[in-house]
Amino acid sequence: MKNVLLFHIGSPKTGTTSLQSFLFNNAGMLKKYDWSYPDLSRFDVVTGDKYLWRNGQNLRWIESEEKRNEVWQIIAENLKQQNVIISDEGNWDGKFSTVLSEAKRIDCVIKVIVYLRRQDQYIESYYNEAVKAGYMHNSIQEYMNPMPSYVDSGVYEIDDYWSRLEDIGKMVGYENIIVRPFEKQQFKGVRRDIISDFMCTILKGAEPDWSEFCIPDHENTSLYGNYFEIKKLLNVVGNDERKPWKKEYTEPLMQLNGKYGNIYSDRVAERYLTTQERKVILDKQKENNSKIAKKYLNKDSGQLFLDTNLDFPVYKEVATPFEEDLVRISSMLFHRMSTKIEMLPLLTAIKILKKGRQLFVYGAGERGKNLLDYPFVPDIIIDNDIKKRGRAIRSVQIIGVEDVESWSSCLVIVTPYHCTEIEQQLQSFGLKKNEEYILMNDFVDDYL
């Protein structure tokens, strides 16, 4: 009998990070239940715990065919012994077709499990995540107009579950799709959470011995009340500075939010949509939700979600204009100070290596412009973009590589984040790294 390759594909905002943390940290114990969650972290394109736990991300992100084949070989070897779980909510988007086409080369049974959250709550959670990540400082109404679509396909609105399931069904067979409602009332198992529901589902209704497992704390916490409002204000400053991912803002705020946000705040129950807006969203998907319930859950009633409550206290901004400005000014000052501190290693290297030579800045993008905030003036700025040449930034001329009269007696600061080709170019001119040129990447984080 063939083993099962089970793709857990989210959907996003359905406890995926907590589930992935559980699977990753209990991979050894899962084998006792005839399931493998292979550790593919050595192939990770990005870093961070939640990406370490998400073992399916590389099947979308790795461009090297050789490395992709190596990942699939590891999966195939695991499948010879046990069933295999691959988890990545990113597969809910259009790239899943590529992943599936590669998976079909392996001799196994392919199944897909997906959790669906009530659409109004799904949209609110996505909005909260956008604010938390630094993308959004507007209202949820502005966020929804137009409704976000799947990035890769550009076809499905994020609340259109039926169309997405139908397309996946065409690829794997409708009988191989497992749909689970993301609702406490419908979760299986004694724990009544995403972890117990998933385990009871893959064990076909059996309850595992939970004393054998390490259960993670709640991951990817939402922002609540005051902390949500403060983060929206910080995002305005972040966008002005073109640094919406600033860790200095997000990490301390999330720590405080996790400690106090849902304990001392009387705003925890607040949501962002009005009752009428919820009704419009759910009415729009009522027919499709009914079809999902009947086709994938065998519910003759057609009721996909049991929770019918639409009445929640609505989030309102409570800060006065003075308080808003105070947050903005404080964050701007903090940002400027922290950036100057982070730039000190680069500035020190420039001071030591310059030794009376001409100073060239390679790159007229944001990072190159930011360098001009500091107490040195480059002799020229070099850029490969023809459209930028002939212009000036703070009176410093922008020229092309071919316009440089001499590369002798100069120090070049390479500012672009992706700079492999630039390095090769400079080396072809006879310049040596850390002598005639230095990389900004070696001294500062990528968001500076």
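Note that the structure is a prediction, hence the values are computed from the model and not measured.
With respect to the salt-bridge test (charged N to carboxylate O, under 4.0 angstrom), the residues R394 and D373 qualify. Under a 4.0 Å N-O distance rule, the pair E65/R68 does not qualify as a salt bridge. Salt bridge K387/D385: absent, no basic N to carboxylate O contact under 4.0 Å. The residues K13 and E124 are annotated as not salt-bridged, no charged nitrogen and carboxylate oxygen being separated by less than 4.0 angstrom. Salt-bridge check for K67 with E70: failed, with every basic side-chain N at 4.0 Å or more from each acidic carboxylate O. Taking 4.0 Å as the cut-off between side-chain N and carboxylate O, K232 and E324 do not count as a salt-bridged pair. Of the charged side-chain nitrogens involved, none lies within less than 4.0 Å of a carboxylate oxygen, so that E277 and R271 do not count as a salt-bridged pair.
For Q82 and Y33, the side-chain atoms include no donor-acceptor pair closer than 3.5 Å.
Taking the side chain as every heavy atom from C-beta outward, I75 and C108 never approach each other to under 4.5 Å. Between L359 and I413, the closest side-chain pair of non-hydrogen atoms falls below 4.5 Å. Residues V112 and L6 form no side-chain contact, since every pair of their non-hydrogen atoms from C-beta on lies 4.5 Å or further apart. For the pair W53/F22, no side-chain contact is recorded, criterion being any heavy-atom separation below 4.5 Å from C-beta on. Between P12 and Y126, the closest side-chain pair of non-hydrogen atoms falls below 4.5 Å. In this structure, L372 and I393 have side chains that are in contact, with non-hydrogen atoms separated by less than 4.5 Å.
Atom CD of E402 has more than 12 neighbouring heavy atoms from other residues, nucleotides or ligands inside a 6.0 Å radius. The number of heavy atoms from other shown groups lying within 6.0 Å of CD (Q81) does not exceed 12. Summarising the local packing, CG of L333 is surrounded by more than 12 heavy atoms from other residues, nucleotides or ligands at distances under 6.0 Å. For NZ of K354, the number of neighbouring non-hydrogen atoms (other residues, nucleotides, ligands) closer than 6.0 Å is greater than 12.
For an aromatic pair to be called close, the ring centres must be under 6.0 Å apart, and Y362 with Y437 fails this. When ring centroids are compared, Y272 and F228 come within the 6.0 Å threshold.
Ring-plane geometry between Y127 and Y143 is classed as tilted, the angle between the planes lying from 30 to 60 degrees on a 0 to 90 degree scale. Under the 30°/60° scheme for interplanar angles, the aromatic rings of F96 and F7 are found to stand perpendicular.
At least one donor-acceptor pair under 3.5 Å links the side chain of Y161 to the backbone N or O of R117. With T14 contributing its side chain and S11 its backbone, the two residues share a donor-acceptor pair below 3.5 Å. In this structure a side-chain-to-backbone donor-acceptor pair under 3.5 Å is missing from E212 to M29. Of the possible polar contacts, none joining the R191 side chain to the F187 backbone as a donor-acceptor pair under 3.5 Å is found. Within the 3.5 Å criterion, the main-chain N or O of L40 finds no donor-acceptor partner in the side chain of N55.
Each of H8, Q57, R60 was compared with D88 under the side chain to side chain donor-acceptor pair (under 3.5 Å) criterion, and only R60 meets it.
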